[in-house]
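In each ligand, atom 1 is the first atom listed, and ligand 1 is the first ligand listed. All values derive from a computational prediction rather than experimental measurement. Note: hydrogens, waters and symmetry copies are ignored here, and every other heavy atom, side chains too, is used.
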Amino acid sequence: HSADAQRTDLMTITRFVLNEQSKQPEARGDFSILLSHIVLGCKFVCSAVNKAGLAKLIGLAGETNVQGEEQKKLDVLSNDVFVKALVSSGRTCILVSEEDEEATFVEPSKRGKYIVVFDPLDGSSNIDCGVSIGTIFGIYLVKENGEPTIEDVLQPGKNMLAAGYCMYGSSCTFVLSTGTGVNGFTLDPSLGEFILTHPDIKVPKKGKIYSVNEGNAKNWDGPTTKYVENCKFPKDGSSPKSLRYVGSMVADVHRTFLYGGIFLYPADKKSPNGKLRVLYEVFPMSFLMEQAGGQAFTGKQRALDLVPTKLHERSPIFLGSYEDVEEIKALYAADQTLE
Ligand code: P6P
């Protein structure tokens with residue numbers, strides 16, 4: 001009987017968010033409507049990404065189709081879909097995308113109270129070899145009721161109302177937090193619905209995996225070098241950690257949520273602010289990681305306390321299991337005292 005009950009009690013993401021929002025007395029459904037448009041965008045991208053492999057044969061996105069027209073690259077196509085979905089939701093006023101140099105200010109007639117920062121297809125360089133990629137997004141409330149300005153976007157990550165990502169891999173997984181924990185949903189293609197499959201995700205307190213591009217080791221600073229050294233040659237006689245690095249942030253961070261460990265994209269001599277972007281990579285993943293009981297650190301401070309000054313600003317990031325991040329925080333603190 002219980003198996004039957006489970007099969008018929010489908011907790012879709014739409015139902016889940018409506019439940020969550022019904023607990024907010026002042027909620028008028030705007031957030032649920034916004035989220036449903038983000039979910040629509042992800043379903044479209046999931047379908048387009050899954051067809052990408054066939055693109056070579058049938059000339060879809062990123063290839064020249066049979067009429068010899070250059071099809072849009074998947075990341076450009078995904079960006080177009082998200083911008084149109086978010087504008088048409090009537091719930092947004094400013095959009096910041098990895099794909100667009102400037103912010104999009106929604107026309108007054110379609111304006112709502114939310115700001116969405118997003119990377120429509122992060123890791124898209126991995127599409128051709130079939131590695132998982134993803135959409136990452138964060139949601140802020142506009143600060144002032146007057147004319148929206150870029151100042152409304154440059155808010156610390158701790159001001160985010162919600163954040164999430166959708167990973168296009170062996171299955172399509174949508175991970176979301178609206179500030180009361182983290183939940184994972186898997187797309188059931190036969191229903192076209194995201195179903196709750198990972199309720200209340202908590203990152204293990206300590207992990208056995210470190211995730212970093214060791215190819216940058218020559219340029220790392222002292223604390224990162226020491227930390228990675230400890231992962232490989234533990235001083236306390238414990239067994240060495242495993243290295244897992246996909247090179248696609250959504251895949252590396254999703255594994256960290258489920259298996260624990262630490263993901264690092266440190267600063268190095270070539271890129272003093274690291275590579276990952278603050279607004280739509282570092283903040284959403286840091287928001288989620290804290291909601292799942294983990295930590296996110298920039299090498300200098302709690303990642304969510306960072307106040308961005310430019311739209312596409314970068315920051316070093318160390319995020320994952322609480323205790324693993326504590327260790328690298330201690331190494332950076334010790335390094336400060338030496339200066
Ligand atoms: P590297 C993908 O290009 C990306 O933006 C992230 O998804 C990923 O974590 C990172 O860059 C990988 O960078 O320098 O290790 O190839």
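- Summary of contacts: the protein heavy atom closest to atom 14 (O) of ligand 1 is Tyr265 OH, 2.6 Å.
- Where the criterion is an N or O separation shorter than 3.5 Å, residue side chain and backbone included, Asn213 meets it with respect to ligand 1.
- Within the model, atoms CD1 of Ile209 and CD1 of Ile262 stand 12.0 Å from one another, a figure rounded to the nearest 0.5 Å.
- Nearest protein heavy-atom contact of atom 13 (O) of ligand 1 is Lys275 NZ, 3.0 Å.
- Contact atoms of ligand 1 toward Met249: 6 (C), 7 (O), 8 (C), 9 (O) (distance under 4.0 Å to a heavy atom of the residue).
- Not counting sequence neighbours, the partners of Glu290 by the side chain to side chain contact (heavy atoms under 4.5 Å, CB included) test are Arg302, Leu304.
- A side chain to side chain contact (heavy atoms under 4.5 Å, CB included) with Glu281 holds for exactly one of Val117, Val253, Leu276; it is Leu276.
- Just one of Tyr280, Phe174, Phe82 meets the ring-ring contact (aromatic ring centres under 6.0 Å, His included) condition when paired with Phe137; it is Phe174.
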### Message
Using salt bridge (charged side-chain N to carboxylate O under 4.0 Å, His left out), reason through Glu326 and Lys205 one step at a time and then give a plain yes or no.
### Response
CA-CA 11 Å; Glu326 275 302 285; Lys205 278 280 161 263; over 6 Å; no

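- Close approach of ligand 1 to Tyr245 is summarised as follows: ligand atoms under 4.0 Å from at least one heavy atom of the residue are 1 (P), 12 (C), 13 (O), 15 (O).
- Ion pair Asp324/Lys206 flagged as a salt bridge, since at least one NZ, NE, NH1 or NH2 atom sits closer than 4.0 Å to an Asp/Glu carboxylate oxygen.
- Within ligand 1, the atoms closer than 4.0 Å to a non-hydrogen atom of Glu281 are 5 (O), numbered from 1 in the order shown.
- Those atoms of ligand 1 that come under 4.0 Å of a heavy atom in Gly247, given as number and element, are 2 (C), 8 (C), 12 (C).
- Residue contacts with ligand 1: Asp122 is included, with a non-hydrogen atom under 4.0 Å away.
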